[in-house]
Amino acid sequence: MRWPAVRPAPLTAVTRRRGPLVYSCRMQERYDAAAVERAAQDHWEQQGSFTAHERAGAPKYYCLSMFPYPSGRLHMGHVRNYTIGDVLARFMRMQGYNVLQPMGWDAFGLPAENAAIANGVPPAVWTRENIPYMRRQLRSLGLAIDWTRELATCDPSYYRWNQWMFLRMRERGIAYKRTGVVNWDPVDRTVLANEQVIDGRGWRTGALVEKRDIPMYYLRITAYAEELLAALQELSGWPERVRVMQANWIGRSEGVELTFPYAQDTRALLDAAGTAADAGAQGEGVKVFTTRADTLFGVTFVALSAEHPLAQAAAAGNLALAAFIDECRRGSTMEADVATAEKRGMATGVHVLHPFTGEPVPIWVANYVLMAYGEGAVMGVPAHDERDFEFARKYGLPVRTVVTSASGAYERVCEPWQGEYAEHGILVDSGKFTGLASGAAIEAIAAALTRLGIGSKRVQWRLRDWGISRQRYWGCPIPLIHCERCGEVAVPDEQLPVVLPEHLVPDGSGNPLARHAPFVECRCPSCGGAARRETDTMDTFVDSSWYFLRYASPDLHSAPVDARVNYWLPVDQYIGGIEHAILHLLYSRFWTRAMRDLGLVQLSEPFANLFTQGMVLNHIYCRKLPDGRRQYVNPADVEPQYDAQHARIGGVSLIDGQPVEYHSLGTMSKSKNNGVDPQALVEQYGADTARLFVMFAAPPEQSLEWSDDGVNGQFKFLRRLWRAVYEHVSAGASAGDGAVAGGLTPASDPTALSAAARELRHAAHQTLAKVTGDIGRRRTFNTAIAAVQELLNTIGRYQENDATARAVRQEALEIAVLALSPIAPHICHTLWHELGHATAIIDERWPQPDPQALSQSEVELVVQVNGKLRGRVRLPAGAERQLALDAALADPTVQRFVAGKTLRKAIHVPDKLVNLVV
RNA sequence: GCGAAAGUGGCGGAAUGGUAGACGCGCUGGCCUUAGGAGCCAGUGGGGCAACCCGUGUGGGUUCGACUCCCACCUUUCGCACCA
């Protein structure tokens, strides 16, 4: 189904008048979303409603949604993300908080370069055209954003502070340069961080990643590993799974590092190969890391990674080994599923010595040993490690049991492998350590190794330092200069920023900066001689690692941040996608700490509360073209078909009438042609309907399934709400009392109301209490909306129409409008005025439910017999237990189930339920 | 393999140990109407004429009472994955 054609122009009160009654009311009968939204947005803009100021004494609320990449158009994920933030910002503002909700642009990055390659337009031009377009789209959603703080990471006024902070970190050794094996993306022709490699492929291109040796800059995030891990415990406002993901990523393990001394044959090999330099890196033996030092006497081989220097040395005179190593290296990147790859290896023919027994231990090269983790070498204990067991079995290596189960589950390791073999136990056949429990043995063996000077306890991290150099054009230049005489020299602070020339057009081959002489050629700040400017730029994750701090002082020219940062930070609520659970959030936590250590901020944790919203899904339809390719058909153009189990099986294209296949439910994407354009949605239904639907269709943390009919349902609800207010206001106008803003007058006595009126008041105030909890505490916006819809249904059933009844209805409508206003702010802005208020609803305080309205004189109790519902009784509120039991037993249905049986027990939950156990 | 989350009508979902299916979509019947993809009213988990019975992935358990808590299993999704 297509979006409905533009609706007919709204009928004016004059053309639709049915009598003098309507005439006297200026309110339009028909809900015209476009006009309503224009008026509300104009008001907010003219009043500067969302411009935030530091106000001493007022409780502040910093509400932040992850800033968008200016790709050109908003997508539905943005709408969901920013609506969640906006609802909270508006709600907290009405609660009396001093709210800051800023917005900016994560503007550097590869898509701009790709667009440049495709269109021959500089990335800067493309980006700077996209930003105002998307800003207009964001404004059309009616977000309560302080646009005076807007920033774009591609502006020199922003990225100069990247450069400045980089230089400060370099002075402190937090940033350092080294040559290392890096992940090279052959498609984007750039280095990727570890975090950006997923299943051996580039996170963006999906291209198979190669290993290359490149000099680049790293940030010493590992120096903060301990702190980053420990502080996760305190982040109670973060989802558990994000904390777990980060903890796993940081990956702390305690163990022992030890050196197996070279045997004579290894020494001879290294001498003969003349690779003393390589050998030097290895000292006098092979260093390994183990968490199971207690199994040291079970070592029957040592396995090296293919990239290990000793493996390289051994391969020098061994063609078969060289071939195997080559294959491993290729295999490790070619096979996506390395975990299930068969364990393979080859003996080097040389040996190390067991540190305690002096026995020779063969050295193997194995494909399951990672150079990147630990020392790139492991001790092989087939009896107590599943991988080593598999490896030893395959190559006929001995299995030596050195730990037995404390519970007697096994005495000797034998086929097949069992999980118990890897558990802690009691040591056997382990020299003087025999008889110790594993835990004690690890301590004792570590101590013995330390005495011998060949080992010690240490902590191993999975986390590695963050390589930030990128051989890309559209990024923040790294502020360094290479001088023949002086070496690498920092650009002096007074020469910052190093401005990126914005007119270059990348052609897809390398970095155009490197070929741009006016940028590259410069003077050495130290000696004044001719020098070359660094052309690497920073990983764009640097840009996004501190933008949330800059919002506190976006206009500052003398420093990245000032004291205002201490007022606004930490972010009280951060909202974004789960896909940033590791990269962005970990880098931001690190960068904030680095800034703290540079004396720039006082805080360590930037985000007190984190909310991860779910994905926006839609159905995917496709058909196979004659050439075998898949053609995806937009679900809006498909009439779906279902099988007997109501499962989608396919459909018919509304465009050509031909059948299409059903693929699956999936995230909205261009490639699957299943996206819905937010702009079209806003144009056809209005921002309020769009906001309402994305908040209503699913709890915000879960994935949301798109539904055109669901959108229409929310539009219908807004129209019914509009109509209810219209009819109420019209009735008041004809009765001469107009809208009675505020509902009941002080003179009216709520206890004198009719039963129906009391019920409506009760429903209204209960709704208010529910919405307050649902938005403020539970963050279940879907149930908040449902509660308001229920209230509107209740208002619709209320028939009375005298002056008191109109006052009660007025109050109920006001509560409905107030409660809905954070979610559908425009229509509520207009309806609030129509209900007779001069103040804009955004400047109203969130009301407290009236306890008198919440209390009821009579309540319905549920009566259960043996836990099953058998009846209901009406009783005065607060009725005593005995009274409730008597009433319950008097119920005819209940009597049928109780008759002739002995009452064993009776449960009474006051004002709720009676359960009779017979 | 490890970790996390989730399994409820035709669909999205609600139920904060106490009436399972709120709210919305869809569907059925009726009304209204310048026939519009509008509005209004009624109905809508299954079975049964009814009284009632059955029903929240499966099997156990705790409880007066379990969608909810505990144990085991199945399925799905997501994350991590040869981490020594």
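Keep in mind that the numbers below use all heavy atoms, side chains included, and drop hydrogens, waters and symmetry copies. Just so you know, these numbers come straight off a predicted model, no measurement behind them.
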Taking only the side-chain heavy atoms of [X] (C-beta and beyond), determine which of [options] contains the nearest atom.
X: A:Arg778; options: B:rC83, B:rC80, B:rU16; answer: B:rU16
X: A:Thr783; options: B:rA4, B:rA14, B:rA81; answer: B:rA14
X: A:Gln702; options: B:rG13, B:rA84, B:rC64; answer: B:rG13
X: A:Arg462; options: B:rG3, B:rU19, B:rC80; answer: B:rC80
X: A:Arg241; options: B:rA4, B:rG10, B:rG3; answer: B:rA4
X: A:Lys716; options: B:rG39, B:rA81, B:rG18; answer: B:rG39
X: A:Asp709; options: B:rG26, B:rA22, B:rA15; answer: B:rG26
X: A:Leu869; options: B:rG18, B:rA20, B:rG24; answer: B:rA20
X: A:Arg719; options: B:rG39, B:rG13, B:rU19; answer: B:rG39
X: A:Phe897; options: B:rG13, B:rU19, B:rC52; answer: B:rC52

Margin query: Once hydrogens and angles are ignored, does a donor-acceptor distance under 3.5 Å link the base of B:rC64 to the side chain of A:Lys905?
Written below: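 No pair found.
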Margin query: Is it the case that B:rC64 (base atoms only) and A:Asn915 (side chain only) share a donor and an acceptor within less than 3.5 Å, ignoring hydrogens and angles?
Written below: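 When only heavy-atom distances are counted, A:Asn915 does reach the base of B:rC64 through a donor-acceptor pair under 3.5 Å.
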Margin query: Would you say that more than 12 heavy atoms from the other residues, nucleotides or ligands in this model lie under 6.0 Å from the CZ of A:Arg904, or not?
Written below: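 At most 12 heavy atoms, drawn from other residues, nucleotides or ligands, come within 6.0 Å of this atom.
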How close or far is atom [atom2] of [N] from atom [atom1] of [X], stated in whole angstroms?
X: A:Arg723; N: B:rA38; atom1: CZ; atom2: C1'; answer: 11 Å
X: A:Leu586; N: B:rC80; atom1: CG; atom2: P; answer: 13 Å
X: A:Leu913; N: B:rU63; atom1: CG; atom2: C1'; answer: 14 Å
X: A:Leu718; N: B:rA38; atom1: CG; atom2: P; answer: 16 Å
X: A:Lys868; N: B:rU63; atom1: NZ; atom2: C1'; answer: 16 Å
X: A:Asn866; N: B:rG65; atom1: CG; atom2: P; answer: 8 Å
X: A:Lys770; N: B:rU16; atom1: NZ; atom2: P; answer: 9 Å
X: A:Met245; N: B:rC78; atom1: CE; atom2: P; answer: 12 Å

Using atom [atom1] of each nucleotide, how far apart are [N] and [M] to the nearest Å?
N: B:rU28; M: B:rA72; atom1: C1'; answer: 44 Å
N: B:rU56; M: B:rA51; atom1: C1'; answer: 26 Å
N: B:rU68; M: B:rU19; atom1: C1'; answer: 15 Å
N: B:rG46; M: B:rC41; atom1: P; answer: 23 Å
N: B:rA35; M: B:rC53; atom1: C1'; answer: 46 Å
N: B:rC27; M: B:rG79; atom1: P; answer: 36 Å
N: B:rG45; M: B:rG21; atom1: C1'; answer: 8 Å
N: B:rG7; M: B:rA84; atom1: C1'; answer: 37 Å

Is there a side-chain polar atom (N or O) of [X] under 4.0 Å from OP1 or OP2 of [N]?
X: A:Arg387; N: B:rC83; result: yes
X: A:Arg30; N: B:rA38; result: no
X: A:Thr780; N: B:rA14; result: no
X: A:Arg779; N: B:rU16; result: no
X: A:Arg648; N: B:rG10; result: no

Would you mind classifying the nucleic acid contact of [X] as base, sugar-phosphate or nothing, using non-hydrogen atoms under 4.0 angstrom?
X: A:Glu705; value: sugar-phosphate
X: A:Gly251; value: nothing
X: A:Ser305; value: nothing
X: A:Asp388; value: nothing
X: A:Arg904; value: nothing
X: A:Val917; value: sugar-phosphate
X: A:Val369; value: base

Note to self: Checking side-chain polar atoms at under 3.5 Å, does A:Arg292 have a donor or acceptor matched by the opposite partner on A:His384?
What the structure shows: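 Absent: no donor and acceptor within the cut-off.
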Margin query: Hydrogens and angles aside, do A:Asn248 and A:Arg462 bring a side-chain donor and acceptor to less than 3.5 Å of each other?
Written below: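 Short answer, no.
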Going by purine N1 to pyrimidine N3 plus the second Watson-Crick contact, or the G-U wobble pair, all under 3.5 Å, which nucleotide sits opposite [N]?
N: B:rC40; answer: B:rG30
N: B:rU63; answer: none
N: B:rG7; answer: B:rC74
N: B:rU68; answer: none
N: B:rC2; answer: B:rG79
N: B:rG45; answer: B:rC54

Margin query: On RNA chain B, compare the nucleotides closest to A:Glu240 and A:Thr291; which residue's is nearer the 5' end?
Written below: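 So the residue in question is A:Glu240.
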Notebook entry, point to check: 5'-most contact on RNA chain B: A:Gly796 or A:Ile785, nearest heavy atom basis?
Noted result: A:Ile785
Sidechain N-carboxylate O distance under 4.0 Å for [X], [Y]:
X: A:Arg648; Y: A:Glu705; answer: no
X: A:Arg243; Y: A:Glu240; answer: yes
X: A:Arg723; Y: A:Glu727; answer: yes

Check: Ring centroid separation for A:Phe696 and A:Phe717, is it under 6.0 angstrom?
Finding: no
Check: Quick one: does A:Asp774's side chain have a donor or acceptor within less than 3.5 Å of a partner on A:Asn782's backbone?
Finding: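 Not confirmed, A:Asp774 side chain does not pair with A:Asn782 backbone.
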Checklist line | Flag, side chain of A:Arg252 to backbone of A:Glu226, donor-acceptor distance under 3.5 Å | finding: no
Item checked: Base orientation of B:rG48, syn vs anti, 90° cut from 0 ->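 With its glycosidic angle more than 90° from zero, B:rG48 counts as anti.
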Next item on the list: Might you work through the side-chain hydrogen bond (donor to acceptor under 3.5 Å, both in side chains) test for A:Ser253 and A:Tyr373, ending with a clear yes or no?
Entry: CA-CA 11 Å; A:Ser253 33; A:Tyr373 187 80; 2.9 Å; yes
